[in-house]
Number of protein chains: 2
Amino acid sequence: MSDPKPAAANTTTRILDVAERLMQTRGFNGFSYADIAAEVRITKASLHYHFATKAELGCTLIERYSAAFESALQRIGRERADAPARLRAYVKLYAEVLADERMCLCGMLAAEYATLPEPMQRALRAFFAANERWLTQLLEQGQQEGSLALRVPACEAAAMLVGALEGGMLLARASGDPAKFTGAARLLLAQLESPAAASANRRVRVARFAARPARRS
Amino acid sequence: MSDPKPAAANTTTRILDVAERLMQTRGFNGFSYADIAAEVRITKASLHYHFATKAELGCTLIERYSAAFESALQRIGRERADAPARLRAYVKLYAEVLADERMCLCGMLAAEYATLPEPMQRALRAFFAANERWLTQLLEQGQQEGSLALRVPACEAAAMLVGALEGGMLLARASGDPAKFTGAARLLLAQLESPAAASANRRVRVARFAARPARRS
DNA sequence: GTCTATAACGAGATAGAC
DNA sequence: GTCTATCTCGTTATAGAC
């Protein structure tokens, strides 16, 4: 998720970076081409050369965001073995977005769903479906390992988790209190761990969440 | 003096009703005075007589929504005795909004928070603070009764719950699947009930949730 | 690729008649 | 209270020079 950016990116990339941040902080209906143009220091007309319409720009952003998220998920699969560690790494993806004073791009767009062009709606549904698919597999793995204890089908728990994390971010931003997300995330994770594994992991997990002033691992 | 007919509400109320629905379905930045005017069948200029600015209209709507929610909470306090029943009634408030094909007004505005006029931001924070206060008391009551089993401070569980319900609504709407909210809500409630109480209540609770659009058991 | 200039439209808001 | 008419500004988008 966090690729360090080259200092001198090409214009298209700079546009995408600025537009992404605006979309995550103000929503698709909350910014204009003029806002992007001012930050990138080109004219609105030049913007249209790179992205003919705002809908096209929006679509590109969802796809770029989804691809980055997908990469992050694959990375978690490579670097973490057991389900609880993977789950914590998943939650950390959200926490990093929030620490950057942003809302999840797709969570933000979910609120505006009814007003979005159809291609953006489709890309949005795909993002959430992919997330829930990945989480479902993860939860099933944890159940087989004995490291997680679900009381319901994995796909239901996965859907709940995505919703709770997105909602937690949303309210943390509205109340200006990022710790609200951290607390909610910790609670959600604790409820999924099997009682035996929970007591063994608790010390480590609490330390990990409490020891972070800002970003970076 | 008495006005028993909701069919012939006064203009101000009709404006508020239409604007409220637009705000819940499209967001504050997703509708205009022209949209309201077309539905209420008056001109934009007439709208400005009732609400001088859009920000004023938005503020009035948040306050009306908050007052109605507060009334509903008091009603729950009167009509339900034990904490689990009150909790289910609370979740039902959200479910009813969703069944009307709307997002929670304040959950929607939470996404647009950064773009809202300051008075609306303040009213929004007050709504969530009141919700969490009420839920916190409820959870503490349940803990004392022995009907709920929390693993964390009540105020943290309350904040998580509000976020999870708002997020659940958001994603249910984006994926066009209201059952996604129902499933998430059931899971959240089940995790709060004490193991003893849970087995006694499970039959009742499942029946209640499964009654409408029939899904799973 | 980026610019100037402008089109075409919709937004929130106001003046003043009735 | 509601209307017509209008204002001003911001929006997305296009044409054509450089």
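Just so it is clear: chains get the letters A, B, ... in the order the sequence lines come, proteins before strands, and each one is counted from 1.
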Can you check the [X] [atom1] to [N] [atom2] distance for me, whole Å?
| X | N | atom1 | atom2 | result |
| --- | --- | --- | --- | --- |
| A:His50 | C:dT2 | NE2 | C1' | 8 Å |
| B:Asn29 | D:dT11 | CG | P | 11 Å |
| A:Arg41 | C:dC3 | CZ | P | 11 Å |

So, is [X] near the phosphate of [N], with a side-chain N or O under 4.0 Å from OP1 or OP2?
| X | N | value |
| --- | --- | --- |
| B:Ser46 | D:dC3 | yes |
| A:Tyr49 | C:dT2 | no |
| B:Thr11 | D:dT2 | yes |

Could you list all N or O pairs between the protein and nucleotides 7-13 of chain C that sit under 3.5 Å apart?
unit_1: C:dA11; atom_1: OP1; unit_2: B:Ser32; atom_2: OG; d: 3.0
unit_1: C:dG12; atom_1: OP1; unit_2: B:Lys54; atom_2: NZ; d: 3.2
unit_1: C:dG12; atom_1: OP2; unit_2: B:Tyr33; atom_2: N; d: 2.8
unit_1: C:dA13; atom_1: OP2; unit_2: B:Lys54; atom_2: N; d: 2.8
unit_1: C:dA13; atom_1: N7; unit_2: B:His48; atom_2: NE2; d: 3.2

Has A:Asn10 got a side-chain atom pairing as donor or acceptor with A:Thr12's backbone, closer than 3.5 angstrom? yes

With sequence neighbours left out, write down each residue that passes side-chain hydrogen bond (donor to acceptor under 3.5 Å, both in side chains) with A:Glu132, or none if nothing qualifies. B:Lys180

Would you say A:Tyr90 and A:Arg80 are linked by a side-chain donor-acceptor pair, where the criterion is simply a distance under 3.5 Å? no

Decide whether B:Tyr113 and B:Arg125 meet the rule of one side-chain donor and one side-chain acceptor closer than 3.5 Å. yes

Lys/Arg N to Asp/Glu carboxylate O, A:Arg102 vs A:Glu96, below 4.0 Å: no

Are the charged groups of B:Arg173 and B:Glu101 less than 4.0 angstrom apart, N to O? no

